[in-house]
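Here is the structure we will look at.
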Amino acid sequence: MTNNQPARVRYAPSPTGFFHVGGARTALYDYLLAKKTGGSFIIRIEDTDQKRYNPDSVRDLLDSLRYLGLDWDEGAEVGGDYGPYTQTERLDIYQKYSQQILDSGHAYRCFCSSERLAKVNEDRQKAKLNPGYDRFCRNIPPAEAERRAAAGEAFVLRIKIPLEGSVTGYDAIRGDITVANAVLNDAVLVKSNGIPTYHFAVVIDDHLMKITHIMRGEEWLGSFPIHVHLYNFLGFEMPVFAHLPVILNPAGKGKMSKRETRAPDGSVYPVFVHTFKELGYLPEALVNYLALLGWSYDGQTEIMSRQELIERFSLERVNASPASFNYDKLNNFNGIYIRQLSVEDLTDRLLPYLQADGINAKRDTLLKITPMIRERLTLLTDAADWVDFFFVDDLPDFDLNLLTPKKMSLQDVPGILQKAKEALSGIEFTHNELDAHLRQAAKELGIKAGQMFQPIRVAVCGKKVAPPIFGTLEALGKETTLKRLDLALEKLQNS
RNA sequence: GUCCCCGUCGUCUAGUGGUCAGGACACAGCCCUUUCAAGGCUGUGACACGGGUUCGAGUCCCGUCGGGGGCACCA
């Protein structure tokens, strides 16, 4: 395998649904290999299935790729020298090759109806045979087939797999893969509507676009031998193939779903890239995690920048065994990446998420809060619960019992809040001042600092768990703090 | 059913004939502490099984079992 030549690597999705993590990993590996070798990363749209075509999926794909930062050098929207990059715009090209393979005798016209095909399959099932085509039309004399086609009879083009012998193809991850021709089907190359199937179009396009490395899901391993035959029949040179292991679901049982379902409580196991974005995953964390799902650098180093990933990636270290998706680990990565962000960067990334949650956060204020919550976030969407009380005029109602400090009772609370008010009213709201006076107040009351802080925190934040108290009060300001203390006192009196 | 692929802690993995089988997530305990985190330390935990080959096997071979994927005029 030549790793020093600039590689031309393509990601070639079919636009039938939203872009999911499996596709994202494949695209990532494509990207990494292309960049590592100084080559090109190409996006080609394989839309030969008109029935399942979904126009939204191309938009979703391209947006998701950009979110992940996997910018492509050639293909959809950006063009290039090997276009068009959408298969339905290349029909005339496939036409030429279908004539060629027909003429060479490696393919034949099949006039069987889908009804007959269904029946054949049924019979074969009953006879305990493998499902597949019975090659009924394989031996129709070419001249007769030509006549019937000219007369307007519908037909498909099928590959003429040799009846004996075997094929072997080289897979960069597993080595040689050999299969007996006898178990292969005469797969359809061109459908009766004149549009090629994946098998045919992919081989032609990869050849014409001078693709050097083909990475695709392991689910293609089964048709790999057919593709090898196609390369031979068409006289094309074989690129390097690498079938990536499937991604298993978190339970490790079965492959990861391509559809996400929402639990009754609204929670999801995201599988679409756009959902990861909505939930507040950082693209760099997702990229890093995905890179490690089936590949490793040294078994030691895990957190790697995009540049390091590019430099270190290699096909040789891609694993052959399936890997199950671990959300815990992804979350851990996300937290690490969040903590690596500068205050300004994190603040700016947080703003749109807070807005989406209906929180009208002011950037200036948030800038003061971000350092306090940075190490507490797993997802960007977690921020809302940490900061919402900073940006409301009136705190929503909360359970007054939350005010009770450890090992004390609700009756003790008014005294503590009263004391806090006194301690705070005359001072400057800076971290050090707050710290000194509040601790002193606790001392005077003969209670622990924690017992002093908890009622204040709840009165001011409306919740038990909140950012560190001094910073919170500082960001909130004296006026709001005292107002909320009064309000809590008032509520206690009326309860 | 048949073909193909795969098989190291619960999960992701390192390992390429001689290692106390290493790391990460998760989990547990301790430390730190102002709630919650983050951080530090420690711990629990694996070579699917059975045969070979070899002085020596997680590493090589065979079988069994287990898991996954394919077997469309879908990709």
Side-chain angles (χ1 to χ4, degrees), chain A residues 12-16 46-49 51-52 110 112-114 117-118 121 125 128-133 154-158 171 173-174 177-180 182-185 187-193 195-199 201-202 216-225 243 245-246 248 250-255 289 292-303 317 319-333 335-336 339 372-378 386 405-406 435 438-439 442 448-454 456-458 461 463-470:
Chain A
S14 66
T16 54
E46 309 215 321
D47 58 346
T48 52
D49 185 355
K51 294 190 198 91
R52 292 198 307 155
C110 166
C112 294
S113 66
S114 44
L117 258 23
N121 251 331
Q125 298 274 23
K128 301 264 185 199
L129 286 165
N130 287 347
Y133 179 53
F155 66 90
V156 301
L157 197 66
R158 284 182 185 275
D171 178 273
I173 297 171
R174 297 156 240 270
I177 290 164
T178 301
V179 172
V183 305
L184 263 21
N185 277 319
V188 171
L189 262 23
V190 180
K191 303 181 248 186
S192 57
N193 63 4
I195 297 178
T197 58
Y198 169 83
H199 306 302
V202 76
R216 53 176 14 172
E218 193 184 345
E219 60 267 25
W220 291 111
L221 210 48
S223 40
F224 182 36
H243 293 89
V246 289
L248 269 22
K253 197 90 170 85
K255 70 173 168 180
Y289 176 73
L292 258 18
L293 201 60
W295 171 82
S296 66
Y297 172 55
D298 58 4
Q300 207 81 214
T301 317
E302 296 201 314
I303 300 298
R317 290 191 65 89
N319 247 29
S321 49
S324 84
F325 198 96
N326 185 343
Y327 287 95
D328 279 333
K329 185 139 181 167
L330 203 217
N331 287 343
N332 173 258
F333 273 32
I336 291 172
R339 273 169 252 134
M372 295 190 285
I373 65 170
R374 182 165 46 181
E375 65 220 24
R376 279 159 244 264
L377 301 178
T378 296
W386 287 101
K406 268 183 197 148
D435 188 326
L438 252 17
R439 282 186 200 280
K448 291 188 170 183
Q451 292 174 309
M452 179 84 205
F453 301 158
Q454 191 59 12
I456 300 174
R457 173 180 292 116
V458 174
C461 308
K463 55 183 86 180
K464 257 174 108 165
V465 175
I469 192 70
F470 307 131

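Everything quoted here is computed from the prediction, not taken from an experiment. Quick note: numbers below take in every heavy atom, side chains included, and nothing from hydrogens, waters or symmetry partners. Proteins get letters first, then strands, A, B, ... in listed order; numbering begins at 1 in each.
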Scan [X] against the nucleic acid and name what it touches under 4.0 Å (heavy atoms): base, sugar-phosphate only, or nothing.
X        : value
A:Val156 : base
A:Lys463 : nothing
A:Pro131 : base
A:Tyr133 : nothing
A:Pro250 : nothing
A:Gly254 : sugar-phosphate
A:Ala320 : sugar-phosphate
A:Asp171 : nothing

Report the distance from atom [atom1] of [X] to atom [atom2] of [N], rounded to the nearest whole Å.
X        : N     : atom1 : atom2 : answer
A:Glu219 : B:C71 : CD    : C1'   : 14 Å
A:Phe325 : B:C25 : CZ    : P     : 17 Å
A:Lys329 : B:U13 : NZ    : C1'   : 7 Å
A:Ile373 : B:A37 : CD1   : P     : 15 Å
A:Asn121 : B:A72 : CG    : P     : 6 Å
A:Glu218 : B:G7  : CD    : P     : 11 Å
A:Asn326 : B:C27 : CG    : P     : 11 Å
A:Leu248 : B:G66 : CG    : C1'   : 13 Å

Nucleotide nearest [X] when distance is taken to its side chain, options [options]:
X        : options             : value
A:Leu293 : B:A75, B:C12, B:G68 : B:C12
A:Asn130 : B:U2, B:A38, B:U34  : B:U2
A:Ile469 : B:C71, B:U13, B:U34 : B:U34
A:Ile177 : B:C5, B:C71, B:U34  : B:C5
A:Arg174 : B:C6, B:G22, B:A24  : B:C6
A:Lys191 : B:U34, B:C74, B:A38 : B:C74
A:Phe470 : B:A75, B:U13, B:U34 : B:U34
A:Val188 : B:A75, B:G69, B:C73 : B:C73
A:Val465 : B:A75, B:A14, B:C36 : B:C36
A:Arg376 : B:C36, B:G15, B:A26 : B:C36

Determine the interatomic distance between [atom1] on [N] and the same-named atom on [M]; round to the nearest Å.
N     : M     : atom1 : result
B:C74 : B:G67 : C1'   : 25 Å
B:G10 : B:C36 : C1'   : 27 Å
B:U8  : B:G15 : C1'   : 9 Å
B:A26 : B:C49 : P     : 29 Å
B:G1  : B:A14 : C1'   : 39 Å
B:U44 : B:G70 : C1'   : 40 Å
B:G45 : B:C12 : C1'   : 15 Å
B:A48 : B:U59 : P     : 8 Å

Can the ring centres of A:Tyr327 and A:Tyr289 be said to be less than 6.0 Å apart?
no
Result for 5'-nearest mapping on RNA chain B, choosing between A:Arg339 and A:Ser321, is A:Ser321
On RNA chain B, nearest-nucleotide positions of A:Thr48 versus A:Ala466: which is more 5'?
A:Ala466
Should the side chain of A:Ser192 and the base of B:C73 be counted as holding a donor-acceptor pair, with the cut-off at 3.5 Å?
yes
Side-chain donor/acceptor contact of A:Arg52 with base of B:C74 under 3.5 Å:
yes
Partner of B:C27 by Watson-Crick or G-U wobble geometry, both contacts under 3.5 Å, or none?
B:G43
Pairing nucleotide - B:A14, Watson-Crick or G-U, each distance under 3.5 Å:
none
Contact under 4.0 Å: [X] side-chain N or O vs [N] OP1/OP2:
X        : N     : result
A:Lys255 : B:G70 : yes
A:Ser223 : B:G70 : no
A:Arg374 : B:A37 : no
A:Arg158 : B:C73 : yes
A:Arg216 : B:G70 : no
A:Asn319 : B:G7  : no
A:Lys448 : B:U34 : no

For A:Lys191, I'd like to know if atom NZ has over 12 heavy atoms of other residues, nucleotides or ligands within 6.0 Å.
yes
dist A:Phe224:CZ -> A:Glu218:CD (nearest 0.5 Å) comes out at 13.0 Å
Got a donor-acceptor contact below 3.5 angstrom from the A:Thr16 side chain to the A:Arg52 backbone?
no
